[in-house]
Protein chains: 2
Amino acid sequence: MNIRTICLAILAHGEASGYDLKKHWEDGPFFHLGGASFGSIYPALARLEQEGLVASREETQPGKPPRRVYSLTAAGSKAFIEDMSAAPEPDVFRSHFGIIALCAPFLSRETVARAIDERLAQQRAEVSTLEPLVESERHSTSGWLVDWGVTQFKNEIAFIEKNRSRLEALAGTAKPGEHLPVCALHDTDTQTAAE
Amino acid sequence: MNIRTICLAILAHGEASGYDLKKHWEDGPFFHLGGASFGSIYPALARLEQEGLVASREETQPGKPPRRVYSLTAAGSKAFIEDMSAAPEPDVFRSHFGIIALCAPFLSRETVARAIDERLAQQRAEVSTLEPLVESERHSTSGWLVDWGVTQFKNEIAFIEKNRSRLEALAGTAKPGEHLPVCALHDTDTQTAAE
DNA sequence: GTCGTCATGTAATTCGTTACATGATTTT
DNA sequence: AAAATCATGTAACGAATTACATGACGAC
């Protein structure tokens, strides 16, 4: 999922300026899906225009700087649909919290407890951003996505609350210098060592 | 979450070569957390060694090329704990499926249906990778993470199965050229247009 | 005799971020 | 008077990927 595709996806909803695109990501409830800086948006739009996938017109507005408004061309629309139809690479979430959970035996109880608290706070914050939208977006385009998000975050919160003591109990259980397999499955070291 | 941190996290479990590190990511059940190529692992290890966070020794093995085995130094251990204690940036998942859900009105029913099927297949594949580990890893370091993953994936599958018709019903509902707000909340265009 | 595994590394390229540069207007 | 908002863009930099280069050994 590159910026180009996200630009096309947002422009499919209607024309927008580079500034608008950034606002959709930063202030919108879907910032999980993106988040991009001007330094990548403007060049991306310029390149899309060069490729003929978007067209732009300058819009002068009184009392404000002129804005360059982009919209999909027919070719852009086609490219967007092709992008959406392409087989997706599996989602990768490089999660700080996941690494902490994996490394709990090497970390102090306080570190683990704090990580759990922070994770819960973060997921709760996401829920309180999205939950008010469930009603207002029920019959809009984004209603489904809002529900998806709320459900995911709530489920994770429930899981962590239920299993936090089990994770905290793992904290600090590795003696200094102790060798633990990352995952017992494919750790050939331990097997070789045992032979 | 950069490669450096993941290297430290895996090396905290015990010494490993660059080749080992890659295997932990690619073949292990935790590839969601990472996935990195040799082109990034080897330079990362070299830099960590320069900084004094890891030490290496060459291990000659009969019939196989010699391997350079890395392990954390005291400074590396400290750096690892600091990295883990640092406040995490909120997880961002740039999800292809999420974008499709958001753009359903602009896509055909077939495209949306296929995307749903692919998503379900993908999440089910993750479950069948992780589920067999629930038992074997129950009392190991990674047990918690395995449970976390299984729960997350199963919950998402359940949600999609329950709500797929609702998403499919949205497909193709936008007329060509129609302007739809990405999210009703902060779409000033529609409000301005309505004034 | 070719392909897969073990093993390390470099170079070119892509993608994106941060910081910088500019400038009018409105709010505090 | 300072700060925030609207608005666009470039340049330097960083992080990671892909592709390339090398080479021995074992399996089929």
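What's counted below: heavy atoms across the whole structure, side chains too, no hydrogens, waters or symmetry copies. Per chain, numbering begins at 1; letters A, B, ... match sequence-line order.
- Positionally, the nearest nucleotide of DNA chain C for B/Arg68 lies more toward the 5' end than for the other of A/Phe38 and B/Arg68.
- Among the nucleotides D/dA7, D/dA16, C/dG9, the one closest to any side-chain atom of B/Ile3 is D/dA16.
- Of the candidates D/dA16, C/dT8, C/dT17, the closest approach to any side-chain atom of A/Arg94 belongs to D/dA16.
- With distances taken from any side-chain atom of A/Pro43 to the nucleotides C/dT5, D/dT10, C/dT17, the minimum falls on D/dT10.
- The B/Gln61 side chain lies nearest to C/dC6 when the options are C/dC6, C/dT17, D/dT8.
- The side chain of A/Ser37 contributes no N or O atom lying less than 4.0 Å from OP1 or OP2 of C/dT18.
- Distance CG (B/Asn2) to P (C/dC15): 21 Å, rounded to an integer number of Å.
- Between B/Phe159 and A/Trp144, a ring centre-to-centre spacing shorter than 6.0 Å is recorded.
- Side-chain atoms of A/Tyr19 lie closest to D/dC6 of the nucleotides D/dG9, D/dA16, D/dC6.
- Atom-to-atom, OH of A/Tyr42 to C1' of C/dA19 comes out at 16 Å; the value is rounded to the nearest Å.
- Listed nucleotides: D/dC6, C/dT8, C/dC15. Nearest to the side chain of A/Arg47: C/dC15.
- Considering only side-chain atoms of A/Arg67, the nucleotide from D/dT8, C/dG16, C/dT17 that sits closest is D/dT8.
- Here B/Gly63 lies in heavy-atom contact (under 4.0 Å) with sugar-phosphate atoms only.
- Atom-to-atom, NZ of A/Lys64 to P of D/dT5 comes out at 13 Å; the value is rounded to the nearest Å.
- For B/Ala36, taking side-chain heavy atoms from C-beta onward, the closest of the listed nucleotides D/dT17, C/dT8, C/dT17 is D/dT17.
- Checking the phosphate oxygens (OP1, OP2) of D/dT8, a side-chain nitrogen or oxygen of A/Ser17 falls inside 4.0 Å.
- For B/Pro65, the listed nucleotide lying nearest its side chain is C/dC6; candidates were C/dG9, D/dT8, C/dC6.
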